[in-house]
Amino acid sequence: MKSILKGVSVQYRMSELFLRTLRENPADAEVASHSLLIRAGYLRRAASGGYTWLPLGLMVLQKVTEIVREEMNKAGFQEVHFPALLPREPYEATNRWTEYGPALFRLQDRRGADYLLAPTHEEMFTLLVKDLYSSYKDLPLSLYQIQTKYRDEARPRAGLLRGREFIMKDSYSFDLDDEGLVVSYQKHRDAYQKVFERLVIDYVIVSAQSGAMGGSASEEFLAPADAGEDTYVETEGGAANVEAIQIKPAQSISITDLPAAQVHDTPDTATIEALVNFCNQNESLKRSNQWTAADTLKNVLMRLVSQDGTTSVLAIGIPGDREVDMRRLEAAVYPEIVTPFTDEDFAKYPTLVKGYIGPDALGIKSKSKIEYLVDPRVVSGTSWITGANRTGKHVFGLVMGRDFNPDGQIDVADVRIGDECVVPAGKVIRLARGIEVGHIFQLGRKYAQALDLKVLNENGEQVVVTMGSYGIGVTRAVAVIAEQHHDERGLRWPRTVTPADVHLVIAGKDEALAIAANQLADQLNAQRLSVLIDDRVGVSVGVKFNDAELIGIPTVVVIGKKYAEGLVEVRDRFTGAVDDVLLSELVAKVKQLH
RNA sequence: CGGGGCGUAGCGUAGUGGCUAGCGCGCCUGCUUUGGGAGCAGGAGAUCGGGAGUUCGAAUCUCCCCGCCCCGACCA
């Protein structure tokens, strides 16, 4: 493109930048970060879940990466770099070659040997440390890398938010004992807080399930956003992923003085709603205060498939006004997989009557031998309307601890505001969605054990090392920043990650403007402030302003009609403030904004 | 993997059996214009996702395949 500048050097010129902004939102982008990053020319989709970084995008990615790297180094962690393409054997040793399932990209080399594209690198880090270290004196140690990861996601979505190829910073800590692990964990936690502060990502730290990696203590860094895939709860006492919360069990009640259970005809009441309506309309069942779904006990059947392929059936008893939260259930039964209980499955259990299943037919000691677990609200002395195991019949006043005894508890009902929790302590005051940008957890000895990573302790004994594992989604963080910092006009990069410090718009075709703009750019460069200069010829100012707002560099300087009076305009993309500044004072003004 | 939707030029789209596939943006040439996505004139750009079929005739109907997006189950 023609430039109004001749033979001058500024950092980036719009006339030359490999960039094409789009006026309209791409049809396939739903979330703001995705749509804006494409429209503003930061990214192009190259494959399902794979994106090409264009010059502007790469500048942001590099800044984000550098902030992560700096904070890791400051914390005393050392950077290494593994191949993404790895042989099968180490993953076989930890059983993850099979355990990781279809999300693992597997491939073969020309000789037919199995390889994988690493989804995480626990095995390699463990083996590396084993290779070089063998004494307690070498510990503690934390290593990290910033690496491209591969996961064959069933459903890549929302641009950078969930890709099949993405960049992750993963760290691993190695300690002699549990106390050391706690210290290493805390160091990572502190470093992560600094990273997210510098990235200007709004986040909450929530208790988490450690999930597929195994291990115990675990927290997630969630960036609150409607586009997020995780749900978390906040209580007076803290925050947790819904998968990790624990509902406070109800107080048990004395069972003496409770009326005996009675079976009643309740025709056509296979759903809780129908049952409650029937109870409130039937003369003999009516009571002064209306029956509600919470008075009923709903028994839900699920089929569980274990890793070796064997299946079992689980019955879950929850108050009728609640639903089983599939995410919580999946987390609770992990590593078993939950599948629906079908009509064919029903056929195998003649004692179960669909729509009228009651506790009598459930439990490992019953005829069905189906394990029966109940919600923590279903405790001894609570009385329920529930199925009588006969079509069109329910039993009223069935008392837990007197009339039935389940095999145990399971806490998988949906969570609501006001629910009392043990973890995190207190009443739920907020339920929100978040994007997981970081996850830290105490892995323990799973990998060290499997790969035989031991060191000699002070007494000359072999001791298995204990590990922590810590991740930051680097490319995801870019999307999160875009998600959290934009308005209807476009992106608004925090100054720590902006692709350039100043967007200098030449608003006019007078050559004097171009010369002055160039001088300003040089002055800014001299102060280590990078400049993207819009030197395009034949492009109307409206287009230039709109592009500047879309691209989202936080400080926009306009040199145009007021140049004759020795003034330029400084716009703050965050506050919307517009100031006229003397040319001689521009650098000071820009520095002040930074 | 289940459910839903979609695939027409770089982007956004019209076109549900009939002529040379239309429009807006973007792109190229010329002139004009220059503080909020300019105007006029001319132009380039499409295997209508792919394959097979039905038909005198297919972007349009049928089948198969591929790809994309959304919702659900997994994760940084």
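First the proteins, then the strands, lettered A, B, ... as listed; each starts at 1. Both backbone and side-chain heavy atoms feed into the values below; hydrogens, waters and symmetry mates do not.
Nearest to the side chain of Tyr51(A), among G36(B), C75(B), C69(B), sits C69(B). Comparing A76(B), G36(B), G37(B) against the side chain of Met168(A) picks out A76(B) as the nearest. Nearest nucleotide to the side chain of Arg162(A), out of A38(B), A76(B), U34(B): A76(B). For Val541(A), whose side chain is taken as the heavy atoms from C-beta onward, the closest listed nucleotide among C27(B), G35(B), A76(B) is G35(B). Side-chain proximity of Arg44(A) to G37(B), C11(B), C75(B): nearest is C11(B).
By the ring pair (Phe, Tyr, Trp, His ring centres under 6.0 Å) test, Tyr115(A) is found to be paired with no residue, residues two or more places apart in sequence or in another chain being considered. In this structure, Asp230(A) has no salt bridge (charged side-chain N to carboxylate O under 4.0 Å, His left out) partners at least two apart in sequence or on a different chain. With sequence neighbours left out, Asp325(A) forms a salt bridge (charged side-chain N to carboxylate O under 4.0 Å, His left out) with no residue at all.
A straight line from CZ of Arg157(A) to P of A73(B) spans 12 Å, rounded to a whole angstrom. Spacing between atom NE2 of His121(A) and atom P of C75(B) amounts to 18 Å, rounded to whole angstrom units. When rounded to the nearest whole Å, the span between CG of Asp230(A) and C1' of C75(B) equals 8 Å. Atom CZ in Arg536(A) sits about 9 Å away from atom P in C27(B), given to the nearest Å. Protein atom CD of Glu565(A) is 13 Å distant from nucleotide atom C1' of G35(B), rounded to whole Å. Between the CG atom of Leu22(A) and the P atom of C25(B) there is a distance of 15 Å, given to the nearest Å. Between the CG atom of Leu43(A) and the P atom of G10(B) there is a distance of 20 Å, given to the nearest Å. C11(B) atom C1' lies 11 Å from atom CZ of Arg23(A), rounded to whole Å.
The backbone N or O of Asn73(A) lies less than 3.5 Å from no partner atom in the side chain of Glu79(A), so there is not a single donor-acceptor pair. Between the Arg492(A) side chain and the Gly552(A) main chain, no donor and acceptor come within less than 3.5 Å of each other. Not a single donor-acceptor pair under 3.5 Å links the side chain of Arg322(A) to the backbone N or O of Ala413(A). In this structure a side-chain-to-backbone donor-acceptor pair under 3.5 Å is missing from Thr498(A) to Pro494(A).
For G57(B) and A52(B), the P atoms lie 15 Å apart once the distance is rounded to whole Å. For the C1' atom pair drawn from G26(B) and C11(B), the interatomic distance equals 7 Å after rounding to whole Å. Taking atom P on both nucleotides, A58(B) is separated from C40(B) by 39 Å, rounded to a whole Å. Look at the C1' atom in both C23(B) and G15(B): the space between them is 11 Å, to the nearest Å. Comparing the same atom, P, in G12(B) and in C31(B) gives a spacing of 33 Å after rounding to whole Å. The same atom, C1', is picked in C74(B) and in A9(B); the two are 38 Å apart, to the nearest Å. Distance noted for atom C1' between U13(B) and C6(B): 13 Å (whole Å). Taking atom C1' on both G17(B) and U55(B), the two are 9 Å apart, rounded to the nearest angstrom.
Between the side chain of Glu229(A) and the base of G72(B), no donor-acceptor pair under 3.5 Å is found.
When the nearest nucleotides of RNA chain B are assigned to Ser540(A) and Glu569(A) by heavy-atom distance, the more 5′-ward of the two goes with Glu569(A). Along RNA chain B, the nucleotide closest to Ile167(A) and the one closest to Asp325(A) are compared, and the more 5′ of them pairs with Asp325(A).
Look at C31(B): its Watson-Crick or wobble partner, with both distances under 3.5 angstrom, is G39(B). Using the Watson-Crick or G-U wobble rule with both distances under 3.5 Å, G45(B) pairs with nothing in any strand shown. Here U60(B) sits opposite no nucleotide as a Watson-Crick or G-U wobble pair (both hydrogen-bonding atom distances under 3.5 Å). Checking U13(B) for Watson-Crick or G-U wobble geometry (two distances, each under 3.5 Å) identifies G22(B) as its partner. C68(B) is paired with G5(B) under the Watson-Crick or G-U wobble criterion, all donor-acceptor distances under 3.5 Å.
Among pairs with a residue in residues 33-46 of chain A, none fulfils salt bridge (charged side-chain N to carboxylate O under 4.0 Å, His left out), at least two apart in sequence or across chains. A salt bridge (charged side-chain N to carboxylate O under 4.0 Å, His left out) check over residues 552-566 of chain A, counting only residues at least two apart or in different chains, returns the pairs Lys562(A)-Glu569(A), Lys562(A)-Asp580(A).
Using a 4.0 Å heavy-atom cutoff across all strands shown, Ala158(A) reaches sugar-phosphate atoms only and no base atom. The residue Gly159(A) sits apart from the nucleic acid: no heavy atom pair falls under 4.0 Å. Contacts of Asp547(A) with the nucleic acid, taken as non-hydrogen atoms under 4.0 Å apart, include base atoms. Residue Val543(A) is in base contact, counting any heavy-atom pair closer than 4.0 Å across all strands shown. The residue Gln147(A) sits apart from the nucleic acid: no heavy atom pair falls under 4.0 Å. When heavy atoms are screened at a 4.0 angstrom cut-off, Arg571(A) is found touching base atoms of the nucleic acid.
Taking the six-membered ring for Trp and the full ring otherwise, Trp493(A) and Tyr42(A) have centroids separated by under 6.0 Å.
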Under 3.5 Å, which donor-acceptor pairs link side chains of residues 220-229 of chain A to any protein atom two or more places apart or in another chain?
| residue | atom | partner | partner atom | Å |
| --- | --- | --- | --- | --- |
| Glu220(A) | OE1 | Asn241(A) | ND2 | 2.8 |

Donor-acceptor contacts under 3.5 Å from residues 165-172 of chain A side chains, at least two apart:
| residue | atom | partner | partner atom | Å |
| --- | --- | --- | --- | --- |
| Glu165(A) | OE1 | Tyr150(A) | OH | 3.2 |
| Lys169(A) | NZ | Ser171(A) | OG | 2.4 |
| Lys169(A) | NZ | Tyr192(A) | OH | 2.6 |
| Lys169(A) | NZ | Tyr470(A) | O | 3.4 |
| Asp170(A) | OD1 | Gln145(A) | NE2 | 3.4 |
| Asp170(A) | OD1 | Lys149(A) | NZ | 3.1 |
| Asp170(A) | OD2 | Lys149(A) | NZ | 2.8 |
| Asp170(A) | OD2 | Tyr172(A) | OH | 2.6 |
| Tyr172(A) | OH | His121(A) | N | 3.2 |

Distances under 3.5 Å between nitrogen or oxygen atoms of protein and nucleotides 65-68 of chain B:
| residue | atom | partner | partner atom | Å |
| --- | --- | --- | --- | --- |
| C68(B) | OP1 | Ser48(A) | N | 3.2 |
| C68(B) | OP1 | Ser48(A) | OG | 3.1 |

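For the segment residues 551-561 of chain A, the set of residues with a heavy atom within less than 4.0 Å of an atom of RNA chain B comprises Val558(A), Gly560(A), Lys561(A), in numerical order.
Donor-acceptor pairing under 3.5 Å is lacking for the side chains of His188(A) and Ser173(A).
Aromatic stacking is not marked for Phe545(A) over G37(B), as the cut-offs of 5.5 Å for the centres and 30° for the planes do not both hold.
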